[in-house]
There are 2 protein chains.
Amino acid sequence: MGVQERRARQKENIREEILDAARALFVKEGYERVSIRKIAEKIEYAPGTIYLYFEDKAAILERICEETFSKLAQKMHAINADPSNPLDGLRRGLRTYVQFGVDNPNHYIVAFVQAKQIPRDAQPKAGERCFDNLRTAVRRCIEAGQLNCEDVEEIAQALWAGVHGVTTLLITCSFPFIEQNRLIDRVVHILIEGIRKR
Amino acid sequence: MGVQERRARQKENIREEILDAARALFVKEGYERVSIRKIAEKIEYAPGTIYLYFEDKAAILERICEETFSKLAQKMHAINADPSNPLDGLRRGLRTYVQFGVDNPNHYIVAFVQAKQIPRDAQPKAGERCFDNLRTAVRRCIEAGQLNCEDVEEIAQALWAGVHGVTTLLITCSFPFIEQNRLIDRVVHILIEGIRKR
DNA sequence: GATGTACACTGAACAGTGTTCAGGAGTTGA
DNA sequence: TCAACTCCTGAACACTGTTCAGTGTACATC
């Protein structure tokens, strides 16, 4: 009975086609401008067909964001694996996070800003994994006695807020910002100085 | 010729009616859920009528945000007027900013997150005034020799990023955050410690 | 008072959106 | 050959922001 398997494979292929088309539109145009009809047109199917493969539009975009954030989680995991100075690892982790957001603005906005508008039982799991890496990095610094506060969760969330701020600001606000890297570095520097024991 | 004046007054009244209806819907339901037809229904006019008073939907929401941000600018101005310790004034300014955002989530998101999507020559001027107040507060701290960096613009933008981050995170992300005030205070504390000269 | 004009307003229409679903094909196994 | 199953279509629904020809009223002029 190879028939079922072949069918499953074909189905998976079309799922991938949909994701590829959606990804291309999404990266180029952003969430709002990706319409089901445009995706359908791109893969040369009828609009209704999309709904045989995905629950709704949000499910497609969610899947794409999940992919992307897996990459970030990997990057941050790699930084944590480095056994050098924990505080320096934390700094690099924060820097990586912001750079990732700036490099993937549409993904970032959908995952962290429009997340509430598109509620789903399973919030992006890769996003959760990214935060876990941040927690780990903070814990190491505390264990190394490098921080002025012992509350892992509190510090991790505060740091997240800090890097999230500069990321969303750079992505969404048209404002005469100073040179981007200088601003990012300054924010990260302030955050690290603000938690460092002295 | 009191006729023209009366007409202008009537026109202004209807403009206000539209704004009132839009404000109520907006505060309760958020930008996406405010439709021109709903506003029109609320004030018992035809949808087309709205367009005799406002260029488009964005113009209405912008006007409402402008109002709200004027209040914030006032609050921050009042804090700057206080001649006590500049660093403490800065701290209170940052705290006020975040609290304002959390108290006016819909306004905040429209003004600072969807601002790019709804591009307009005149970015919210009250928002600009708020940032001016932040600049002033930073400048005073530098003049008082309290900061470890002399670049007003760089520090002001970095601080803005920090408070913007915690604000948007609390508004838009459904995440198991620690108690809200503790998180806000921690972020502000980190930011202040991170720029303070020691 | 009649007339012409200027203005306010309507509501249907347009082009778009996400989503649903009855029905039409094509393939499969008996 | 025929029934069953699967995949897909495309029209339809209810919504969105926005436009615009047409209507009715209030005013200024004759």
Side-chain angles (χ1 to χ4, degrees), chain A residues 1-19 21-22 25-26 28-65 106 110 114-120, chain B residues 1-19 21-23 25-26 28-65 106 110 114-115 117-120:
Chain A
M1 289 295 153
V3 177
Q4 296 225 339
E5 285 155 27
R6 195 204 61 210
R7 279 208 169 133
R9 218 166 37 230
Q10 280 177 342
K11 217 166 156 115
E12 197 45 48
N13 282 346
I14 294 183
R15 243 186 96 89
E16 274 310 318
E17 264 194 81
I18 294 171
L19 285 174
L25 284 169
F26 180 57
K28 197 161 28 133
E29 322 227 27
Y31 183 84
E32 306 292 339
R33 308 187 92 109
V34 181
S35 80
I36 296 291
R37 282 173 180 80
K38 277 189 199 162
I39 299 174
E41 200 181 356
K42 207 174 171 91
I43 61 169
E44 294 175 304
Y45 279 89
T49 306
I50 309 279
Y51 289 87
L52 300 173
Y53 295 88
F54 291 93
E55 197 189 337
D56 54 22
K57 188 184 163 188
I60 303 174
L61 277 300
E62 200 177 83
R63 185 74 203 75
I64 291 172
C65 288
N106 292 317
V110 166
Q114 298 177 334
K116 215 175 197 173
Q117 291 173 42
I118 308 154
R120 197 155 286 280
Chain B
M1 290 298 149
V3 176
Q4 296 226 337
E5 287 154 26
R6 197 206 58 208
R7 281 211 168 129
R9 217 165 41 225
Q10 281 177 342
K11 220 169 153 112
E12 197 45 50
N13 282 346
I14 294 183
R15 243 184 96 91
E16 275 308 318
E17 264 193 80
I18 293 171
L19 284 174
R23 190 173 15 242
L25 285 168
F26 179 58
K28 194 156 36 128
E29 321 228 24
Y31 183 84
E32 305 293 338
R33 309 187 92 105
V34 180
S35 81
I36 295 290
R37 281 173 180 80
K38 278 189 200 165
I39 299 174
E41 199 181 355
K42 207 175 171 89
I43 60 168
E44 296 176 300
Y45 279 88
T49 306
I50 308 280
Y51 290 86
L52 301 174
Y53 294 88
F54 291 94
E55 197 189 337
D56 53 22
K57 188 184 163 188
I60 303 175
L61 276 302
E62 201 178 81
R63 187 72 203 74
I64 291 173
C65 288
N106 292 318
V110 165
Q114 301 178 333
Q117 292 174 42
I118 307 154
R120 194 155 287 282

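The sequence lines fix the lettering, A, B, ..., with proteins before strands; numbering per chain opens at 1.
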Rounded to whole angstroms, how far apart are [atom1] on [X] and [atom2] on [N]?
| X | N | atom1 | atom2 | result |
| --- | --- | --- | --- | --- |
| Tyr45(B) | dT10(C) | OH | P | 7 Å |
| Leu61(A) | dG18(C) | CG | P | 10 Å |
| Glu41(B) | dT10(C) | CD | P | 13 Å |
| Ile50(A) | dG18(C) | CD1 | C1' | 12 Å |
| Glu12(B) | dA8(C) | CD | C1' | 16 Å |
| Gln10(B) | dA26(D) | CD | C1' | 10 Å |
| Ile43(A) | dC8(D) | CD1 | C1' | 11 Å |
| Phe54(A) | dG18(C) | CZ | P | 15 Å |

Side chain to side chain contact (heavy atoms under 4.5 Å, CB included) involving [X] - partner list, sequence neighbours excluded:
| X | value |
| --- | --- |
| Tyr53(B) | Lys11(B), Ile14(B), Arg15(B), Ile18(B), Thr49(B) |
| Arg9(B) | Arg6(B) |
| Lys42(B) | Ala21(B), Ala24(B), Leu25(B) |

Polar atoms only, N or O, under 3.5 Å: list the protein pairs with nucleotides 4-6 of chain D and their distances.
none

* Could you run through nucleotides 13-19 of chain D and give me one letter per nucleotide, 5' to 3': B if any protein heavy atom sits under 4.0 Å from the base, S if only the sugar-phosphate is that close, - if neither? => ---BBBB

* **side-chain N/O Thr49(A) vs dT9(D) OP1/OP2, d < 4.0 Å** =>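 Yes, such a contact exists.
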
Considering all heavy atoms of both residues, which atom of [X] and which atom of [Y] are nearest to each other, and what is their separation?
| X | Y | value |
| --- | --- | --- |
| Glu32(A) | Lys57(A) | O-NZ, 4.3 Å |
| Gly30(B) | Asn106(B) | CA-OD1, 3.4 Å |
| Ala22(A) | Ile39(A) | CB-CD1, 3.8 Å |

* **Residue pair Ile43(A), Ile50(A): steps toward the side-chain contact (heavy atoms from CB on, under 4.5 Å) verdict** => CA-CA 10 Å; Ile43(A) 61 169; Ile50(A) 309 279; 4.1 Å; yes

* Show your reasoning for whether side-chain contact (heavy atoms from CB on, under 4.5 Å) applies to Phe26(B) and Val110(B). => CA-CA 10 Å; Phe26(B) 179 58; Val110(B) 165; 3.5 Å; yes

* To do: Note down the inter-axis angle between the two ends of the helix from dG1(C)-dC30(D) to dA30(C)-dT1(D), five pairs each, to the nearest 10°.
  =>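 Nearest ten degrees gives 30° for this helix.
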
* Asked: Just how far is it from atom CD of Glu62(A) to atom CG of Asp56(A), taken to the nearest 0.5 Å?
  ->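 Rounded to the nearest 0.5 Å, the CD-CG separation comes to 8.5 Å.
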
* **From Glu12(B) atom CD to Glu17(B) atom CD, the distance as rounded to the nearest 0.5 Å** =>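 Interatomic distance, Glu12(B) CD to Glu17(B) CD, rounded to 0.5 Å: 11.5 Å.
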
* Find out whether Ile60(B) and Arg63(B) are in side-chain contact, i.e. whether some heavy atom of one side chain is under 4.5 Å from a heavy atom of the other. =>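 Not in contact.
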
* To do: Using a 4.0 Å heavy-atom cut-off across all strands, classify Ile14(B) as base, sugar-phosphate, or nothing.
  =>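 The residue Ile14(B) makes sugar-phosphate contact but no base contact.
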
